[in-house]
Participant: 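Just passing along the structure, written as structure tokens.
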Amino acid sequence: MKALITVITGQDGYYLSKLLLEKGYEVHGLIRRSSSFNTSRIEPLMSKYESENKLKLYYSDLLDSSSITSLINLIEPDEVYNLAAQSHVAVSFKNPLYTSQVGTIGVISLLEAVKNSSKNIKFYQASSSEMYGGEDDSLLNEESQFTPKSPYAVSKVFAHEMTKIYRESYDMFAVNGILFNHESPHRGETFVTRKVTKAVGRIKQGIQTKLTLGNLNAFRDWGFAGDYVEGMWLMMQHSSPEDWVLATGESITVKEFAKKSFEAVGLNFEDFVITSERYLRPNEVDFLLGDSTKAREKLDWSPKTSIDELVSIMVDSDLNLAKKDGKQKR
Ligand code: NAP
Ligand code: GDD
């Protein structure tokens, strides 16, 4: 089996490519040109699988539709996983045009290339719980209404609906995975969980003194990214193309996540966390709680990692990184 992952260098790109390579797939991954190295997450996979020709990387960009079409025709994958997005919600308010271009035109380029291929290719679109808008404390499933609150969320609704349109109009195997927040030691450092656990490691090691956050009262349903990529793969193996929610079914506030993280190293959250308007958003998603009954029943998928285990995995990893950092500085 051949999979194409657009793109492979992000958090989910790492966990998904690892899963597929371990399953014996040939993995083809898009990377973007950058002025500095951007393959740090996948380097262990490159050293293990590139020499066996099981992992191949290609420069591209979702906005370069000619290169996307050429690569689909060259690789002829069995499955395409579209993970590409300007995925930071706060940044999407600052860069609405770019966020929207990647999330709309970029996704159509990919859908068109898949549709026009002579091969029957399965397509996965990374949809998001952010599309719901989180206006009240209801449990959200595949039937719940979307009320997007940011340029990011609007572009995700567009891509979600377009994926459905291609599925229904052209009989394509095209699925939307509506994933609630999922985190890991490979999470980008500007998302709140990783920002917190990185700071906890560094404060514990004495190389940082304070942590500045924004809204502490937002609720999120946080799971572990390693569990969620298994759900993505299961959706692509199901007998029919459908839309699926992946979530833990538990929601806690940013403040509770931060408290747990500081407690994990014996520190008191109140002694180190301050808040600043700088990190508030023009429009906030207050409450997200997912109901993944459909995936649990029809895909036999369930998250294996509890919130306390997630905190512990992330804090341990960031504490180790801070120790190395501390040694280098001495
Ligand atoms: P991530 O680490 O930010 O990865 C997003 C990837 O998109 C990055 O590798 C980035 O490339 C790439 N990208 C950005 N602009 C691009 C462009 N113009 N062309 C091609 N690639 C581009 O995010 P993630 O957490 O792995 O999330 C993966 C996907 O799932 C995203 O679409 C995200 O919106 C969606 N999602 C995430 C969550 C979550 O909680 N993690 C939940 C629901 C949905 P670089 O590596 O070069 O920057
Ligand atoms: N990033 C960030 N930084 N968020 C903060 C901070 C801070 O300093 N302080 C408080 N927050 C709050 C945000 O206002 C938000 O309510 C919550 O923490 C989570 O923010 P993020 O970690 O940035 O994630 P997100 O929920 O906005 O978006 C993530 O999850 C979506 C799925 O629901 C991203 O991964 C999206 O790409 C994904 O679709």
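We count ligands from 1, going down the list as the structure has it; atoms in each ligand are counted the same way. Worth knowing before you read on, the calculation uses all heavy atoms, side chains too, and leaves out hydrogens, waters and symmetry mates.
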Participant: Under the criterion ring-ring contact (aromatic ring centres under 6.0 Å, His included), which of F224, Y81, Y228 is the partner of Y15?
Facilitator: F224
Participant: Assess K156 for proximity to ligand 1: is some non-hydrogen atom of it under 4.0 Å away?
Facilitator: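 In this structure, K156 qualifies as a contact of ligand 1 - some heavy atom is under 4.0 Å.
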Participant: Among protein heavy atoms, which sits nearest to atom 9 (N) of ligand 2, and what does the distance come to when rounded to 0.1 Å?
Facilitator: G214 N, 2.8 Å
Participant: Is ligand 1 less than 4.0 angstrom away from at least one heavy atom of Y152?
Facilitator: yes
Participant: In residues 261-280, what donor-acceptor pairs under 3.5 Å come from side-chain atoms, sequence neighbours left out?
Facilitator:
residue, atom, partner, partner atom, Å
S261, OG, F257, O, 2.8
S276, OG, R278, N, 3.0

Participant: Strictly under 4.0 Å, does any heavy atom of S127 approach an atom of ligand 1?
Facilitator: yes
Participant: Using 4.0 Å as the upper bound for N to carboxylate O, is an ion pair formed by K18 and E22?
Facilitator: yes
Participant: Got a salt bridge between R220 and E284, using NZ or NE/NH1/NH2 to carboxylate O under 4.0 Å?
Facilitator: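 Yes, charged N to carboxylate O under 4.0 Å.
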Participant: Check this for me - ligand 1, L179, N or O atoms closer than 3.5 angstrom, yes or no?
Facilitator: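 N/O-N/O distance below 3.5 Å does not exist for this pair.
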Participant: For atom 11 (O) of ligand 1, what's the nearest protein heavy atom and its distance?
Facilitator: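 Scanning the protein heavy atoms, the shortest distance from atom 11 (O) of ligand 1 goes to R32 NE, 3.4 Å.
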Participant: Could you point out which residue of I5, L110, V7 forms a side-chain contact (heavy atoms from CB on, under 4.5 Å) with N82?
Facilitator: L110
Participant: What protein heavy atom sits nearest atom 19 (C) of ligand 2, and how far away is it?
Facilitator: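 Of the protein heavy atoms, V192 CG1, 3.8 Å lies nearest.
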Participant: Would you indicate whether K255, at its atom NZ, is surrounded by more than 12 heavy atoms from other residues, nucleotides or ligands within a distance under 6.0 Å?
Facilitator: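 No, not enclosed.
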Participant: Are any of the N/O atoms on F191, whether in the backbone or the side chain, positioned under 3.5 angstrom from an N/O atom of ligand 1?
Facilitator: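 In fact, backbone or side chain, F191 has no N or O that close.
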Participant: Against heavy atoms of V89, which atoms of ligand 2 measure under 4.0 Å?
Facilitator: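 Per the distance check, 27 (O), 28 (O).
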Participant: What protein heavy atom sits nearest atom 18 (O) of ligand 2, and how far away is it?
Facilitator: V254 CG2, 3.3 Å
Participant: Provide the number and element of each atom of ligand 2 under 4.0 Å from a heavy atom of Y279.
Facilitator: 8 (O)
Participant: Please list, in number order, the atoms of ligand 2 under 4.0 Å from a heavy atom of N215.
Facilitator: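 Taking each heavy atom of N215 in turn, ligand 2 has 9 (N), 10 (C), 11 (N), 12 (C) under 4.0 Å.
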Participant: Around atom 10 (C) of ligand 1, find the nearest protein heavy atom and jot down its residue, atom name and distance.
Facilitator: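 Result: V7 CG2, 3.8 Å.
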Participant: Nearest non-hydrogen contact with atom 24 (O) of ligand 2 belongs to which option: V91, N181, D221?
Facilitator: N181
Participant: Any heavy atom of Q86 closer to ligand 2 than 4.0 angstrom?
Facilitator: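 Under 4.0 Å: no for Q86.
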Participant: Pick from R167, K298, K164: which one makes a salt bridge (charged side-chain N to carboxylate O under 4.0 Å, His left out) with E242?
Facilitator: K298
Participant: Are any of the N/O atoms on A126, whether in the backbone or the side chain, positioned under 3.5 angstrom from an N/O atom of ligand 1?
Facilitator: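 No, no N or O pair falls under 3.5 Å.
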Participant: Counting heavy atoms only, name the option from H182, R41, Q86 that's nearest to atom 37 (C) of ligand 1.
Facilitator: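 That would be H182.
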Participant: Just need the protein heavy atom nearest to atom 3 (N) of ligand 2, so name the residue and atom and give the distance.
Facilitator: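 The closest heavy atom on the protein side is T190 O, 3.9 Å.
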Participant: Judged on heavy-atom distance to atom 41 (N) of ligand 1, which of E183, R187, R220 sits nearest?
Facilitator: R187
Participant: Using heavy-atom distances only, which candidate in E284, H88, R281 approaches atom 23 (O) of ligand 2 most closely?
Facilitator: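 Looking at heavy atoms only, R281 sits closest to atom 23 (O) of ligand 2.
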Participant: Between K119 and D78, is there a side-chain N and carboxylate O pair less than 4.0 Å apart?
Facilitator: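 Yes, charged N to carboxylate O under 4.0 Å.
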Participant: So which bit of Y98 gets within less than 4.0 Å of ligand 1, heavy atoms only: side chain, backbone, both or neither?
Facilitator: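 The side chain, only.
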Participant: If we set the cut-off at 4.0 Å for heavy atoms, which region of D61 has an atom near ligand 1: side chain, backbone, both, or neither?
Facilitator: both
Participant: Does D12 approach ligand 1 within less than 4.0 angstrom via side chain, backbone, both or neither, non-hydrogen atoms only?
Facilitator: both
Participant: Hey, does S129 come in under 3.5 Å of ligand 2, counting only N/O atoms on both sides?
Facilitator: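 Between S129 and ligand 2, an N or O pair is found under 3.5 Å apart.
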Participant: Using a 4.0 Å cutoff against the non-hydrogen atoms of S87, which atoms of ligand 2 qualify?
Facilitator: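 Listed by number with element: 34 (C), 36 (C), 37 (O).
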Participant: Given E183, K195, R187, K156, which one has a non-hydrogen atom that is nearest to atom 7 (C) of ligand 2?
Facilitator: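 Comparing heavy atoms across E183, K195, R187, K156, the nearest one to atom 7 (C) of ligand 2 lies in K195.
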Participant: N/O to N/O below 3.5 Å, does that happen between Y152 and ligand 2?
Facilitator: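 Yes, since at least one N or O of Y152 sits under 3.5 Å from an N or O of ligand 2.
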Participant: Of the side chain and backbone of A218, name the one, both, or neither that has a heavy atom under 4.0 Å from an atom of ligand 2.
Facilitator: side chain
Participant: Just say parallel, tilted or perpendicular for the rings of Y58 and H28, cut-offs at 30° and 60°.
Facilitator: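 Answer is parallel, since the angle falls under 30°.
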Participant: For atom 26 (O) of ligand 2, tell me which residue out of H182, R194, R220 has the closest non-hydrogen atom.
Facilitator: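 Looking at heavy atoms only, R220 sits closest to atom 26 (O) of ligand 2.
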